[in-house]
Amino acid sequence: MNVLLHRTYYEEGTNSALFYNGQFLGFAIELPWLNNQRNVSCIPEGEYELKARYSKKFGHHLHIVDVNGRSLILLHPANNAKRELRGCIAPVTQLTGIGKGSNSKPLLQKLVSLGYQAFDRNENVLLTIKS
C-alpha cells in the first residue's frame with residue numbers, strides 16, 4: 001500500500017494533498033519546514049514505512065518509522081498544526097488555512113482502516129513525502 005503526501009510549504013505551516021494508491025484521499029497539515037528541528041518542524045521529504053500504533057490519547061493511529069534525527073513521529077488527528085502537532089502529520093478532510101484543517105478524525109480513521117487492512121494482508125505500508 002502506498003500513501004503519497006504532496007506538500008506545499010508556507011512560512012506558517014505545511015499543507016498537503018493526500019493520495020492512496022494514486023487516488024485523492026484528502027489533505028494533511030503539518031508544521032513549517034524548519035530544518036527538521038524537533039517539535040517545531042515537519043519531517044524531511046522521503047519514503048517511510050508506516051506501522052500500526054495504539055495509545056490512549058489517539059486510539060488507533062499510524063507510526064512513521066525511521067525518521068532521521070526524530071522519534072515517535074505519528075499520523076494522528078489534529079486540526080491546527082501549531083497548537084496540536086510537534087512534528088507529526090494530521091490528515092484533514094478540508095483545509096481551512098495554512099497548517100489548519102477540519103474533520104481530522106474521520107480521515108484518520110479511513111487511513112488507519114486502509115493501513116490495517118494492508119497489514120492483515122502482510123503488505124508493507126509506505127508513505128512517500130514530496131513537494
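Here the structure is a predicted model, which is why all the values come from computation and not from measurement. What you see below is based on every heavy atom in this structure, not just the backbone, and it leaves out hydrogens, waters and symmetry mates.
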Distance-only, no hydrogens or angles: does the [X] side chain make a donor-acceptor pair with backbone N or O of [Y] under 3.5 Å?
X     : Y     : answer
Asn15 : Gly99 : yes
Glu84 : Asn79 : yes
Asn35 : Gln37 : no
Asn36 : Asn68 : yes

Query raised in the report: Among all residues two or more places apart in sequence or in another chain, which pass the side chain to side chain donor-acceptor pair (under 3.5 Å) test with Arg121?
Result: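 Partners of Arg121 under the side chain to side chain donor-acceptor pair (under 3.5 Å) test: Glu123.
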Let me confirm one number: the [atom1]-[atom2] distance from [X] to [Y], rounded to the nearest 0.5 Å.
X      : Y      : atom1 : atom2 : result
Leu5   : Ser131 : CG    : OG    : 10.5 Å
His63  : Ser71  : NE2   : OG    : 7.5 Å
Glu45  : Thr128 : CD    : OG1   : 11.0 Å
Leu127 : Glu49  : CG    : CD    : 11.0 Å
Cys42  : Leu31  : SG    : CG    : 7.5 Å
Asn39  : Arg70  : CG    : CZ    : 7.0 Å

Query raised in the report: Distance only, no hydrogens: is a donor on one side chain within 3.5 Å (strictly under) of an acceptor on the other, for Ser113 and Gln109?
Result: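 Looking only at side-chain atoms, Gln109 and Ser113 do not form any donor-acceptor pair under 3.5 Å.
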Any idea which heavy atoms bring [X] and [Y] closest together, and the distance?
X      : Y      : answer
Leu126 : Glu47  : CD1-OE2, 3.8 Å
Pro32  : Glu11  : CB-O, 3.5 Å
His61  : Ser55  : CE1-OG, 3.4 Å
Val125 : Ala118 : CG2-CB, 3.7 Å
Ser104 : Ala78  : OG-N, 3.0 Å
Leu18  : Val3   : CD1-CG1, 3.7 Å

Hydrophobic clusters here meaning ILVMFWY residues chained together by side-chain heavy-atom distances under 4.5 Å, can you tell me if [X] and [Y] are in one?
X      : Y     : result
Leu111 : Phe58 : no
Tyr20  : Phe27 : no
Leu108 : Leu85 : no
Val67  : Leu50 : yes
Leu4   : Leu62 : no

**Report entry** Pair Arg7-Lys130, side chain to side chain contact (heavy atoms under 4.5 Å, CB included): steps then yes or no
**Finding:** CA-CA 6 Å; Arg7 283 179 172 163; Lys130 65 182 186 177; over 6 Å; no
Query raised in the report: Is the Phe24 ring parallel, tilted or perpendicular to the Phe19 ring (thresholds 30°, 60°)?
Result: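 Correct class here is perpendicular.
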Query raised in the report: Quick one: which of Val112, Leu72, Leu75 gives a side chain to side chain contact (heavy atoms under 4.5 Å, CB included) with Arg53?
Result: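 The passing option is Leu72.
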Query raised in the report: Quick one: ring-ring contact (aromatic ring centres under 6.0 Å, His included) partners of His60, sequence neighbours excluded?
Result: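 Per chain and number, His60 pairs via ring-ring contact (aromatic ring centres under 6.0 Å, His included) with Tyr54, Tyr116.
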Query - Heavy atoms from other residues, nucleotides or ligands near NZ of Lys105 exceed 12 (cutoff 6.0 Å) - result: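 No, because the 6.0 Å sphere around NZ of Lys105 holds 12 heavy atoms or fewer from other groups.
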